[in-house]
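Below, read A as the first sequence line, B as the second, and so on, with proteins coming before strands; counting in each chain starts at 1.
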Protein chains: 2
Amino acid sequence: MDTLNVTLATSPLSDPVAHMLTRDEKKAQTRKSLMDAALALTGEGSNFASISLREVAKNAGVVPTSFYRHFNDMEELGLNIIDDLGLMLRKLMRTARQNEDYLGALARSSVEVYANYVCTHKNYFYFMEQVRTGGTPILRKAIRNELRYFANELASDIRPLESLATINDTDLDIVCQLIVGTVFENTIELLDQVEINPGYLDTYTEHTLKKLRLIWLGAMAWRS
Amino acid sequence: MDTLNVTLATSPLSDPVAHMLTRDEKKAQTRKSLMDAALALTGEGSNFASISLREVAKNAGVVPTSFYRHFNDMEELGLNIIDDLGLMLRKLMRTARQNEDYLGALARSSVEVYANYVCTHKNYFYFMEQVRTGGTPILRKAIRNELRYFANELASDIRPLESLATINDTDLDIVCQLIVGTVFENTIELLDQVEINPGYLDTYTEHTLKKLRLIWLGAMAWRS
DNA sequence: ACTTTCAGTCAACACTTGTACACTAAATAT
DNA sequence: ATATTTAGTGTACAAGTGTTGACTGAAAGT
């Protein structure tokens, strides 16, 4: 009786969270663990294109067939990861923009924030870099859209600057695409190198900063 | 007797080339068809990481086990493709450099030549873009080395220019990495878009040219 | 209290995968 | 002329793949 009481009493207490989860919450939880599993696998070096549905399910601690309760296939899962990634980056960008020091993402702090963010979310960025050029056409397009979004955001951000008065809107768009492209282009190298030598983070920051300053100089000298 | 003579006589004539091939030549031939098969598959949209050895062998018109006579695994095949690609691009670059109009790869003709070259060697560039960020670490590194090679080549090419007198060697390297990176960065979009709308080739050329001119302006304004 | 809903389980399928091993036949070397 | 080498073949196997359909039990709706 006592033991029974105890077990019955401790059971809900041993995992205080699990038992107050509604059904939808629990579903959302395993859904997330599926996405996390896929991200973890790409982060470990696997290519997203060659990860099997079963592998993901196993790493998420779920039976393969359960996968279908959440996604129709791996591509759909990938699209959802991209959505999450886009949300995260937009948030990051928003906080960066609140910083007075911002000045068109050319400021040192912005690059530093980005580089640190990459290193603390490696899996997401491995995924992104991989899929951007190596995913299915649909996934590639989804990522390109995200990048274009940032470029547009950046453009309307720096449009008012006086030093850019001599550049027209279409050319400014191209400048911003170049900036965004440059930042993301070397992210894969950052990820690879930082794994071997943590000091590379500074090197990356310096190199990227120089590139951005160069673009900035060019943009100011530009006459549309 | 006659029929036998005929068959014996026509057999070597029906395929005049095949019978004057030495054993090594024939081996090199199927080796190439294996690499071509892999390239064709990536060109069709498959991801190199998820292409199976058997698929490649089948497309090359060879039995799977025969693959091992040429490569130990798909990664080794990939490395050989990268070698070929590097050779091709170096040759392209050399001819571009002979052009008086060259002037630091910023000239219109250079970009046009490159864009056309990409479109006539789609498979190679799909492969390259895919593997650059999505291949195994070894393959990624191999491609990065190729790109670095170009950047170095470019650097020693434009180093003598007077307009770049105010920039030191390390900074010039970064400029060249930016240039090379910018050209390759948008190649995947060129490949994707040109498939839908051939006119995109011009758009790509214009956009890339503007970006390069921008970098060029920045480089001339740079003070190390 | 009773019924419905549905996330997760289990078993089974038809295929594809990489690789090992023994074999063949034709080009080379002797 | 004879022996050796070897690119390509054929068979076989254990392991992993995506997807199916029927089943379970607890949460949600009535």
Tabulated below should be each protein N or O lying under 3.5 Å from an N or O of nucleotides 11-15 of chain C; please produce it.
none

Hey, is Glu189(B) close enough to Arg140(A) for a salt bridge, meaning N to O under 4.0 Å?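 Not counted as a salt bridge, because no side-chain N and carboxylate O are separated by less than 4.0 Å.
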Quick one: [X] [atom1] to [N] [atom2], roughly how many Å, whole number?
| X | N | atom1 | atom2 | value |
| --- | --- | --- | --- | --- |
| Glu25(B) | dG8(D) | CD | C1' | 18 Å |
| Tyr68(A) | dC6(C) | OH | P | 20 Å |
| Arg31(A) | dC6(C) | CZ | P | 16 Å |
| Met74(A) | dT19(D) | CE | P | 11 Å |
| Arg69(B) | dA20(C) | CZ | P | 12 Å |
| Asp73(B) | dA20(C) | CG | P | 12 Å |
| Glu55(B) | dT17(C) | CD | C1' | 10 Å |
| Phe71(A) | dA7(C) | CZ | C1' | 14 Å |

Return the 5'-most residue of the pair His70(B), Leu53(A) with respect to DNA chain D, ranking by each residue's nearest nucleotide.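 Nearer the 5' end of the strand: His70(B).
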Straight-line distance of Lys211(B) NZ to Leu178(B) CG, nearest 0.5 Å: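 Rounded to the nearest 0.5 Å, the NZ-CG separation comes to 10.5 Å.
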Mind checking what makes side chain to side chain contact (heavy atoms under 4.5 Å, CB included) contact with Arg23(A), not counting sequence neighbours?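 For Arg23(A) there are no side chain to side chain contact (heavy atoms under 4.5 Å, CB included) partners, ignoring immediate neighbours.
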Contacts of Asn47(B) that satisfy side chain to side chain contact (heavy atoms under 4.5 Å, CB included) - sequence neighbours left out: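 Testing Asn47(B) for side chain to side chain contact (heavy atoms under 4.5 Å, CB included), a comparison that skips the adjacent residues, returns Asn47(A), Ala49(A), Ala49(B), Ser50(B), Gln130(B).
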Report all side-chain donor-acceptor pairs from residues 114-122 of chain A shorter than 3.5 Å, counting only partners two or more places apart or in another chain.
{"unit_1": "Tyr114(A)", "atom_1": "OH", "unit_2": "Thr187(A)", "atom_2": "OG1", "d": "2.9"}
{"unit_1": "Asn116(A)", "atom_1": "ND2", "unit_2": "Glu112(A)", "atom_2": "O", "d": "3.1"}
{"unit_1": "Thr120(A)", "atom_1": "OG1", "unit_2": "Asn116(A)", "atom_2": "O", "d": "3.0"}
{"unit_1": "Thr120(A)", "atom_1": "OG1", "unit_2": "Tyr117(A)", "atom_2": "O", "d": "3.1"}
{"unit_1": "His121(A)", "atom_1": "ND1", "unit_2": "Tyr117(A)", "atom_2": "O", "d": "2.9"}
{"unit_1": "Lys122(A)", "atom_1": "NZ", "unit_2": "Glu195(A)", "atom_2": "OE1", "d": "3.0"}

At under 4.0 Å, does any side-chain N or O of Ser52(B) touch on OP1 or OP2 of dT17(C)?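 Result: yes.
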Can you tell me if Ser46(B) uses its side chain to pair, donor with acceptor, with the backbone of Ile51(B) under 3.5 Å?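 Checked: no pair found.
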Any sub-3.5 Å donor-acceptor pair from Thr208(A)'s side-chain atoms to Thr205(A)'s backbone N or O?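 No; judged by distance alone, with no hydrogens or angles, the pair does not exist.
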Sequence neighbours excluded, every pair satisfying side chain to side chain donor-acceptor pair (under 3.5 Å) that has a member inside residues 72-86 of chain B: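 Every pair satisfying side chain to side chain donor-acceptor pair (under 3.5 Å) with a residue in residues 72-86 of chain B: Arg31(B)-Asn80(B), Asn72(B)-Glu76(B), Glu75(B)-Thr136(B).
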Could you write out each protein N or O paired with an N or O of nucleotides 28-30 of chain C at a distance under 3.5 Å?
{"unit_1": "dT28(C)", "atom_1": "OP1", "unit_2": "Thr22(B)", "atom_2": "OG1", "d": "2.9"}
{"unit_1": "dT28(C)", "atom_1": "OP1", "unit_2": "Arg23(B)", "atom_2": "N", "d": "2.9"}

Taking the six-membered ring of Phe184(A) as reference, does the NZ or CZ atom of Arg132(A) fall below 6.0 Å from its centre and within a 45° cone about the axis?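 Judged by the rule, Arg132(A) and Phe184(A) form no cation-pi pair.
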